[in-house]
**Q** 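Quick one: structure below, then a few questions.
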Amino acid sequence: MHVFITGGTGTIGSAVIAELLSHDHTVLALARSDSSGQVLEAAGAEVLHGSLADLDVLRAGAAQTDGVISLAFGSDHSTAGAVARSIADETAALTALGAELIGTDRPIVTVSGTPWVEGRTATETDPLPTEGPVAGRSRSVNTLLELASRGVRSTAVRMPRTVHNQGHGGFAGLLTDLARGAGVSGYPGDGSQRWPAVHALDAAVLFRLALESAPAGTVWHAVTDEGDAVRDIAAVIGRRLGLPVESLPTDHFGPFGPIFAMDQPASSSHTRTTLGWQPSHPSLLDDLENLQP
Ligand SMILES: NC(=O)c1ccc[n+]([C@@H]2O[C@H](COP(=O)([O-])OP(=O)(O)OC[C@H]3O[C@@H](n4cnc5c(N)ncnc54)[C@H](OP(=O)(O)O)[C@@H]3O)[C@@H](O)[C@H]2O)c1
């Protein structure tokens with residue numbers, strides 16, 4: 001397949017491009033800067049210049065390819081307003097891409113997060129949260145999935161709290177950054193709350209499988225570790241950085257504090273059984289051993 005991808009320079013997107021190219025696909029990748037274009041070319045992709053805001057460019061990318069993987073999302077999480085702008089950009093982009101594909105039966109794979117469900121492990125059948133700061137993302141993914149009834153093979157791959165590679169990335173990466181800054185590897189509460197995780201290279205395989213074969217309107221979980229206790233994550237970070245490991249007040253973790261304090265395990269049993277996805281890269285706790293002081 002000739003595949004149009006946005007976010008191809010990201011942690012996940014760069015792994016997805018490598019995965020596609022090593023499985024007989026070719027890639028057309030959106031680049032919003034010359035430097036990103038150079039990275040994408042070096043990775044083996046053909047480059048389409050433009051940003052998420054250039055809806056005509058997105059439509060042209062979708063029109064000249066056999067399928068789309070949408071991963072781009074603004075990286076400014078500093079204020080609620082910045083996140084809202086990123087959500088608005090992504091929503092407009094998904095709307096344009098989806099509209100271009102109506103009636104074609106071509107695939108579009110997009111991304112969201114695993115949901116959390118009070119008192120049990122979340123599964124692929126649980127709905128995304130449609131309230132809270134990222135509710136707009138859930139709504140735009142749900143709208144895209146509804147295009148399944150209009151001749152679009154739209155699917156969503158849900159990401160766990162940590163997508164890691166070489167010990168970096170995701171919530172665990174934020175804990176590491178905070179630990180370096182504070183001189184202590186902290187966790188909120190008693191640290192028994194669990195976060196799911198996946199290695200970026202395993203997640204990339206799932207994006208390819210969804211692109212190639214997932215039925216229209218379906219949702220998948222890119223989860224290898226159903227839930228690592230946060231105090232276990234903090235313990236490896238502390239040991240690798242040579243820092244003490246302690247429970248710290250929730251507000252130490254800034255805007256992420258309340259989310260860091262939640263138990264949010266997620267499973268991928270349905271995904272593994274149905275799509276034959278078999279993650280093979282290191283678990284989060286093993287991958288964190290790559291951290292250097
Ligand atoms: N639990 C979760 O909910 C969860 C967890 C992990 C990831 N995700 C999602 O998965 C996706 C990929 O994650 P990641 O970690 O690989 O992301 P990342 O490393 O932050 O990379 C973001 C990518 O988006 C591109 N981008 C950002 N804004 C853009 C714009 N306005 N126009 C065009 N391109 C733009 C960047 O391009 P440049 O090279 O130009 O910067 C980069 O390729 C994101 O949507 C992320 O939110 C969700």
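Order of listing sets the numbers, starting from 1, for every ligand and every atom in it.
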**Q** How far does CG of N165 sit from CG of L201, to the nearest 0.5 angstrom?
**A** 5.0 Å
**Q** With a 4.5 Å limit on heavy-atom distance, are the side chains of L28 and T65 in contact?
**A**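 Yes. Closest side-chain heavy atoms under 4.5 Å.
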**Q** Go ahead and list the nitrogen or oxygen contacts between ligand 1 and the protein that come in under 3.5 Å, distances to 0.1 Å, or just say none.
**A**
| unit_1 | atom_1 | unit_2 | atom_2 | d |
| --- | --- | --- | --- | --- |
| ligand 1 | 1 (N) | M159 | O | 3.3 |
| ligand 1 | 1 (N) | P160 | O | 3.1 |
| ligand 1 | 16 (O) | T11 | N | 3.0 |
| ligand 1 | 16 (O) | I12 | N | 2.7 |
| ligand 1 | 19 (O) | T11 | N | 3.0 |
| ligand 1 | 19 (O) | T11 | OG1 | 3.4 |
| ligand 1 | 24 (O) | F73 | N | 3.4 |
| ligand 1 | 32 (N) | L52 | N | 2.9 |
| ligand 1 | 37 (O) | T9 | OG1 | 3.4 |
| ligand 1 | 39 (O) | T9 | OG1 | 2.4 |
| ligand 1 | 39 (O) | S36 | OG | 2.7 |
| ligand 1 | 40 (O) | R32 | NE | 2.6 |
| ligand 1 | 40 (O) | S36 | OG | 3.1 |
| ligand 1 | 41 (O) | R32 | NH2 | 2.9 |
| ligand 1 | 43 (O) | G7 | O | 3.4 |
| ligand 1 | 43 (O) | T9 | N | 3.3 |
| ligand 1 | 43 (O) | T9 | OG1 | 2.6 |
| ligand 1 | 43 (O) | G10 | N | 3.3 |
| ligand 1 | 45 (O) | L71 | O | 2.9 |
| ligand 1 | 45 (O) | R137 | NH2 | 2.8 |
| ligand 1 | 47 (O) | R137 | NH1 | 2.8 |
| ligand 1 | 47 (O) | R137 | NH2 | 3.4 |

**Q** Among residues at least two apart in sequence or on other chains, which ones pass salt bridge (charged side-chain N to carboxylate O under 4.0 Å, His left out) with E124?
**A**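 Listed in chain order: nothing, the list is empty.
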**Q** Just checking, R106 and F4: is the charged tip under 6.0 Å from the six-membered ring centre and within 45° of the axis?
**A**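 The answer is no; the distance or angle limit is not met.
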**Q** Mind checking whether L40 and T9 have side chains closer than 4.5 Å, heavy atoms only?
**A** yes
**Q** For the residue pair F171 and W195, does the interplanar ring angle fall in the parallel (under 30°), tilted (30 to 60°) or perpendicular (over 60°) class?
**A**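 Plane angle over 60°, so perpendicular.
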